[in-house]
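The structure under discussion appears below in the form of structure tokens.
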Amino acid sequence: MKITDLLDRRSIEIDGSAVSKEEVLNKVIDLMCRSGKISDRKAYAEKVFEREKEGTTGTGEGIAIPHGKCDAVKSPGLAAMVVRGGVDFDSLDDEKVTLIFLIAAPNTKDNVHLDVLSKLSVMLMDDSFADDLRNAKSVDEFLKIIDAADEAASIDSYGATSENAKCSIVAVTGCPTGIAHTYMAAEALEKAAKANGCSIKVETRGSGGAKNILTSEDIAEADFVIIAADTKVPMSRFNGKKLIECQVSDGISKADTLIHRAIDGDAPVYHSSDNSADESGGSSGGSFWHRVYTQLMNGVSHMLPFVVGGGILIAIAFLIDGLSVDINSLSDAERANFGTITTAAAMFKSIGDLAFSLMLPVLAGYISMSIADRPGLAPGFVGGLIAANGTSGFLGALVAGFAAGYLVVLLKKIFAGLPKALDGIKPVLLYPVFGVLITGLFMNYIVEPPVGMLNVWMNTSLNELGNSSKVIVGIIVAGMMAVDMGGPINKAAYVFGTASIAAGNYYIMAAVMIGGMVPPCAIALSTILFKNKYTAEERKSGPTNFVMGLGFITEGAIPFAASDPLRVIPSCVIGSALAGALSALFGCTLMAPHGGIFVFPVVDHPILYLVALAAGTVVTAVILGAVKRKKS
């Protein structure tokens with residue numbers, strides 16, 4: 001449905017005026033009634049004013065979109081008014097409203113007013129469109145401007161197509177944790193596609209599973225495929241299509257470039273080499289290092305729930321004992337059992353230890369599975385278990401995962417010459433027996449001795465570092481968390497922190513977490529203190545970063561970093577590094593690998609830890625205020 005199908009000429013006023021919100025609402029309601037779509041003005045006006053009491057419909061940038069839905073509306077309609085002098089409307093940004101669209105929706109189940117509201121909101125995000133409407137010299141010109149913008153916005157993301165689209169695109173976004181990057185990349189690609197006159201449908205593979213899944217018809221009709229993912233994506237369905245494969249962060253920061261490449265057809269045709277592996281999620285596209293990173297992140301994403309769940313339960317066990325007994329009165333033997341002294345603590349710790357013990361087998365197993373499909377799972381698990389029970393630890397598990405995966409790939413090639421009658425016993429007999437045996441021998445006699453020595457030396461050295469050296473480690477890992485805010489460097493620091501928990505170096509995880517909390521918190525504070533350095537849209541979204549930052553979701557800072565990387569990223573790195581240094585200096589330790597402010601009670605010296613977070617946040621916010629340019 002076009003916007004102008006709902007907008008009657010009689011309901012447009014291009015030279016309106018009003019001195020109050022109530023007056024302008026009544027005037028635009030009168031405009032709506034002129035169209036003949038309202039059977040009872042009083043009933044409709046009550047609905048409009050009731051909606052306004054729930055929250056202002058002044059969306060900012062001088063625009064308001066009030067609306068009412070009731071039985072008094074005979075058919076959907078729009079009214080529009082340009083208020084030349086502006087009127088106070090309690091808008092989100094306190095600007096006077098100069099452009100008003102009023103929506104009338106009948107009381108039916110189709111919620112047509114929501115569809116129209118969504119479409120109008122997207123169109124009005126374009127400042128030039130809104131300014132053109134304000135400057136229209138006649139009703140005819142007003143309608144022509146809307147028609148032109150409506151045509152340009154007729155392409156609906158999430159699958160709707162347009163006959164005039166330059167390019168039909170399907171895309172998949174996904175990140176290891178599936179919390180923020182997945183959906184930010186999808187939104188960025190959708191906006192870039194619309195801006196460039198392309199139709200697009202984006203499949204998101206987040207923590208809640210795959211959503212908006214691409215159908216075979218979607219893929220068949222598409223001219224181009226974009227895979228912006230750091231996790232497994234079923235690939236064989238794209239066989240024969242031109243395809244770009246990149247990191248999910250590129251989907252956020254380079255969306256416009258990707259769309260232009262799609263329009264130009266700038267990518268090779270993808271050929272699926274192993275359908276069975278692809279359908280399970282393996283990806284054979286992209287560079288070698290991107291494939292390695294994707295395989296590693298597949299293991300990490302499956303490992304995280306065990307680390308988070310087990311780590312927090314263990315931390316709670318220590319907290320319970322810390323509140324229940326006087327540690328100074330305990331004997332050396334009792335101190336060695338701290339965390340299991342009270343019955344409640346022992347229960348939490350036993351469950352947490354069990355979950356934590358699965359961390360390395362799961363890591364290795366799912367790295368191997370991402371390489372060799374399901375037959376790689378058992379050898380990877382066994383290799384990870386050997387690393388966990390031996391001395392090679394986290395490093396050994398990484399080696400085990402990749403070694404087991406590529407071993408099974410080799411076994412597939414070796415057994416490919418066997419008669420087809422034996423295909424059924426390969427995955428249940430040949431791959432498990434030979435895969436587990438060879439992986440076990442490789443881990444016990446080749447990996448464990450040297451990697452075990454390296455792992456023991458490294459963890460002992462980290463544990464014996466003096467305060468000054470610990471501060472340096474805190475600076476490094478916390479600063480890494482702010483470099484790419486959820487990308488490979490951030491993930492490397494986080495994985496190092498979780499591995500350090502298993503090795504007993506708890507101060508590293510404390511620095512890692514606080515380093516990840518600073519960027520979004522600092523940006524939120526900066527948008528409040530230095531409003532003239534941010535756009536209206538950034539000021540609106542800024543405070544939500546407090547919630548994300550305090551929840552240890554660094555990705556909230558990404559849109560700000562992407563729009564001004566040369567100023568935002570260094571500022572955040574400095575603040576995060578400062579917070580990490582203070583955390584280490586104060587002797588803060590953390591056994592919980594996630595949770596943000598909600599696990600502060602289990603931090604050693606929680607008040608000082610909060611001071612470190614505040615210091616990093618304030619310093620970053622002030623630096624941002626000093627280096628960012630003013631926004632008009």
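Side chains included, hydrogens not; waters and symmetry mates left out as well; all remaining heavy atoms used.
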Considering all heavy atoms of both residues, which atom of Leu258 and which atom of Gly251 are nearest to each other, and what is their separation?
CD1-CA, 4.0 Å

To the closest 0.5 Å, what do you measure between CZ (Phe546) and OG1 (Thr527)?
7.0 Å

Taking only residues two or more places apart in sequence, or in another chain, which ones meet Ala79 in a side-chain contact (heavy atoms from CB on, under 4.5 Å)?
Ser11, Val28, Leu31, Met32, Leu102

Non-neighbouring partners of Asp256 that pass side chain to side chain donor-acceptor pair (under 3.5 Å), sequence neighbours left out
Asn196, His260

Is the closest side-chain heavy-atom distance between Glu203 and Val170 below 4.5 Å?
no

Side chain to side chain contact (heavy atoms under 4.5 Å, CB included) between Lys201 and Ile219, worked out
CA-CA 10 Å; Lys201 179 176 180 179; Ile219 297 170; over 6 Å; no

I'd like to check the side-chain contact (heavy atoms from CB on, under 4.5 Å) partners of Thr535; sequence neighbours left out, ordered by chain and number.
Glu537, Glu538, Lys631

Could I get the full list of side chain to side chain donor-acceptor pair (under 3.5 Å) partners for Tyr534, not counting sequence neighbours?
Ser526

Any chance the side chains of Asn239 and Ser236 put a donor and an acceptor closer than 3.5 Å?
no

Pair Leu411, Leu430 - check side chain to side chain contact (heavy atoms under 4.5 Å, CB included), show working.
CA-CA 9 Å; Leu411 290 175; Leu430 298 181; over 6 Å; no

Quick check: closest heavy atoms across Val568 and Ala561, and the distance to 0.1 Å?
CG1-CA, 3.7 Å

For Asp218 and Thr215: C-alpha separation, side-chain torsions, deciding distance, then whether side chain to side chain donor-acceptor pair (under 3.5 Å) applies.
CA-CA 5 Å; Asp218 293 330; Thr215 66; 3.0 Å; yes

State which residues pass salt bridge (charged side-chain N to carboxylate O under 4.0 Å, His left out) with Asp132; sequence neighbours excluded, sorted by chain then number.
none

Who passes salt bridge (charged side-chain N to carboxylate O under 4.0 Å, His left out) against Lys241, sequence neighbours left out?
none

Please identify each residue that fulfils side-chain contact (heavy atoms from CB on, under 4.5 Å) with Phe402, with sequence neighbours left out.
Val292, Gln295, Leu296, Ile367, Ile371, Tyr406

Under the ring pair (Phe, Tyr, Trp, His ring centres under 6.0 Å) rule, collect the residues that match up with Tyr366, sequence neighbours excluded.
His302

Kindly indicate whether the side chain of Ile200, heavy atoms from C-beta on, has any atom under 4.5 Å from the side chain of Ile226.
no

For Phe306 against Ala355, the heavy-atom pair lying closest together:
CB-O, 3.6 Å

Kindly compute the distance separating CZ (Phe224) from CG (Asp266), expressed to the nearest 0.5 Å.
7.0 Å

Would you say Ile227 and Tyr270 make side-chain contact, with heavy atoms under 4.5 Å?
no

Donor-acceptor list for residues 358-365 side chains, cut-off 3.5 Å, not counting sequence neighbours:
none

The reported gap from CG in Asp223 to CD1 in Ile169 (rounded to nearest 0.5 angstrom) is 8.0 Å

Between Pro379 and Leu407, is there a side-chain heavy-atom distance shorter than 4.5 Å?
no

Does a side-chain heavy-atom distance below 4.5 Å link Leu243 with Val269?
no

Any residue meeting side chain to side chain donor-acceptor pair (under 3.5 Å) with Lys254, in chain and number order, not counting sequence neighbours
none

How close do Ala267 and Ile244 get, counting heavy atoms only, and between which atoms?
CB-CG1, 3.7 Å

Just to verify, what does Ser576 make a side-chain contact (heavy atoms from CB on, under 4.5 Å) with, not counting sequence neighbours?
Ala482, Val518, Pro519

Can you confirm whether Glu245 sits close enough to Val233 that some side-chain heavy atom of one is under 4.5 Å from a side-chain heavy atom of the other?
no

Value for CZ (Arg629) from NZ (Lys533), rounded to nearest 0.5 Å, stands at 11.0 Å

With side chains defined as the heavy atoms from C-beta onward, is the minimum distance between Ser75 and Pro106 less than 4.5 Å?
no

Name all residues meeting the salt bridge (charged side-chain N to carboxylate O under 4.0 Å, His left out) criterion together with Lys144; count only those two or more places apart in sequence or in a different chain, and write none if there are none.
none

I need the Ile65 CD1 to His67 NE2 distance, nearest 0.5 Å.
8.5 Å

Taking Lys191 for its side chain and Ala255 for its backbone only, find out whether a donor-acceptor pair lies under 3.5 Å.
no

Heavy-atom closest pair (Gly68 atom, Val73 atom, distance to 0.1 Å) is O-CG2, 4.4 Å

Which heavy atom of Gly479 sits nearest to which heavy atom of Val573, and what is that distance?
O-CG2, 4.0 Å

Leu133 vs Phe101, side chain to side chain contact (heavy atoms under 4.5 Å, CB included): CA-CA, chis, key distance, verdict:
CA-CA 11 Å; Leu133 290 177; Phe101 279 93; 3.9 Å; yes

One should read off an interatomic distance between Leu189 CG and Lys194 NZ, to the nearest 0.5 angstrom, of 13.0 Å

Could you go step by step and tell me if Phe560 and Leu624 meet the side chain to side chain contact (heavy atoms under 4.5 Å, CB included) rule?
CA-CA 11 Å; Phe560 295 85; Leu624 285 170; over 6 Å; no

